[in-house]
Amino acid sequence: GDSVTQMEGPVTLSEEAFLTINCTYTATGYPSLFWYVQYPGEGLQLLLKATKADDKGSNKGFEATYRKETTSFHLEKGSVQVSDSAVYFCALSMIKDSNYQLIWGAGTKLIIKP
Amino acid sequence: DGGITQSPKYLFRKEGQNVTLSCEQNLNHDAMYWYRQDPGQGLRLIYYSQIVNDFQKGDIAEGYSVSREKKESFPLTVTSAQKNPTAFYLCASSTIRQGRTDTQYFGPGTRLTVL
């Protein structure tokens with residue numbers, strides 16, 4: 001079945017380091033792909049999304065490109081800040097039981113040290 | 001301001017009691033969802049609803065019940081049949097465009113603790 005696999009955390013980086021959080025997926029058809037962020041004690045916020053192959057989603061310095069050939073949607077940021085510390089979730093939309101749902105990765109905790 | 005509200009933020013319950021978690025949205029979204037999140041884990045779908053007076057079970061519906069009498073509201077009841085209810089509960093909503101679920105928007109969550 002359709003699924004999302006994220007790199008395990010926690011990922012610990014120093015401030016201003018380059019960030020990559022890997023996300024790969026298996027899906028039939030052409031799902032939309034999403035990255036959400038969850039700050040401690042809060043709900044999830046949409047970070048970025050891409051709806052078709054080769055689309056690049058970007059927001060707040062984060063980017064991810066929908067790569068159909070490698071079934072990937074890796075999250076990147078050139079220079080992280082302490083305020084980026086959070087849990088990041090990759091997700092795809094798919095049909096299940098005749099309804100569209102989001103399939104979630106397990107989340108990757110990011111810790112940025114000053 | 002448009003958004004999703006969940007109440008209460010923290011909830012304590014004694015074993016054997018039912019408890020209802022509130023979720024309201026003023027985004028005019030058709031679809032609403034309930035997820036459960038356990039520490040260090042991802043989201044698991046409990047129930048979802050795409051239209052009023054209709055809802056479907058998600059992956060972990062046992063011990064939970066919902067209703068969707070109004071488009072804006074999707075309350076979740078955690079019953080005494082749920083064996084391990086202590087968790088963080090998240091409500092979300094989305095539009096449905098061209099038959100596809102659009103971006104899901106989340107409320108701030110309710111942390112339920114069973115004493």
Side-chain angles (χ1 to χ4, degrees), chain A residues 1-11 21 23 25 27-52 55 57 59 64 86-111, chain B residues 3-10 21 23-25 27 29-51 54-61 87-111 113:
Chain A
D2 295 5
S3 65
V4 174
T5 303
Q6 290 182 235
M7 64 190 294
E8 285 192 26
V11 173
I21 299 179
C23 172
Y25 67 91
T28 53
Y30 303 93
S32 295
L33 300 172
F34 304 81
W35 277 103
Y36 281 81
V37 58
Q38 184 179 33
Y39 298 101
E42 298 183 8
L44 277 68
Q45 302 173 26
L46 176 69
L47 184 58
L48 53 84
K49 72 176 185 180
T51 58
K52 60 183 187 294
D55 267 2
N59 186 25
V87 180
Y88 293 81
F89 291 93
C90 185
L92 66 83
S93 67
M94 60 155 288
I95 291 179
K96 185 174 180 182
D97 299 330
S98 302
N99 293 298
Y100 275 93
Q101 298 178 23
L102 288 185
I103 300 299
W104 296 88
T108 302
K109 185 173 184 178
L110 175 64
I111 301 169
Chain B
I4 302 174
T5 57
Q6 290 185 244
S7 60
K9 188 169 179 65
Y10 298 96
L21 282 59
C23 178
E24 304 278 334
Q25 55 99 359
L27 299 168
H29 285 172
D30 295 301
M32 297 187 74
Y33 311 81
W34 274 106
Y35 292 95
R36 170 179 172 142
Q37 186 179 29
D38 293 284
Q41 298 189 29
L43 279 69
R44 292 185 290 170
L45 183 64
I46 304 173
Y47 269 97
Y48 65 100
S49 168
Q50 297 198 325
I51 57 172
D54 189 41
F55 47 83
Q56 286 77 40
K57 293 181 179 180
D59 300 319
I60 56 163
F88 190 47
Y89 291 87
L90 289 160
C91 179
S93 70
S94 70
T95 58
I96 301 174
R97 301 181 196 274
Q98 299 177 333
R100 298 189 62 161
T101 299
D102 205 350
T103 303
Q104 290 187 15
Y105 295 89
F106 284 79
T110 293
R111 187 166 299 281
T113 303

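Below, chains carry the letters A, B, ... as their sequence lines are ordered, and counting in each starts from 1. Small disclaimer: the values here were computed from a predicted structure and weren't measured.
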Q) Looking only at heavy atoms, which two atoms of Y36(A) and Q104(B) are closest? And how far apart? A)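 So the two residues come closest at OH-O, 2.7 Å.
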
Q. So, for F88(B) and E42(A), which heavy atoms are closest and what is the spacing to 0.1 Å?
A.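 Closest approach of F88(B) to E42(A), heavy atoms only: CE2-O, 3.5 Å.
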
**Q.** Top contributor to chain A contacts, counting heavy-atom pairs under 4.5 Å, from P108(B), G107(B), G109(B)
**A.**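 Maximum pair count with chain A is reached by P108(B).
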
(Q) Quick check on the interface: out of G41(A), P10(A), A106(A), who has the most heavy-atom pairs with chain B under 4.5 Å? (A)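 That would be A106(A).
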
**Q.** Side chain, backbone, both or neither of Q38(A) within contact of chain B (heavy atoms, under 4.5 Å)
**A.**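 Only the side chain of Q38(A) comes within 4.5 Å of chain B.
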
Q) Of the backbone (N, CA, C, O) and the side chain (C-beta and beyond), which part of Q56(B) lies under 4.5 Å from a heavy atom of chain A, both, or neither? A)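 When you check distances to chain A, only side chain atoms of Q56(B) fall under 4.5 Å.
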
Q) Is the ring centre of W104(A) less than 6.0 Å from the ring centre of F106(B)? A)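 Ring centroids of W104(A) and F106(B) are less than 6.0 Å from each other.
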
Q: Give, for atom CD of Q101(A) and atom CG of L45(B), the distance between the pair rounded to the nearest 0.5 Å.
A: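 So the CD of Q101(A) and the CG of L45(B) are separated by 5.5 Å.
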
Q: Kindly compute the distance separating CG (L44(A)) from CG (L43(B)), expressed to the nearest 0.5 Å.
A: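 Answer for the CG-CG pair, L44(A) versus L43(B), is 5.5 Å.
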
Q | Heavy atoms from other residues, nucleotides or ligands near CD of Q41(B) exceed 12 (cutoff 6.0 Å) | A |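 Yes, the 6.0 Å shell around CD holds more than 12 heavy atoms from other groups.
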
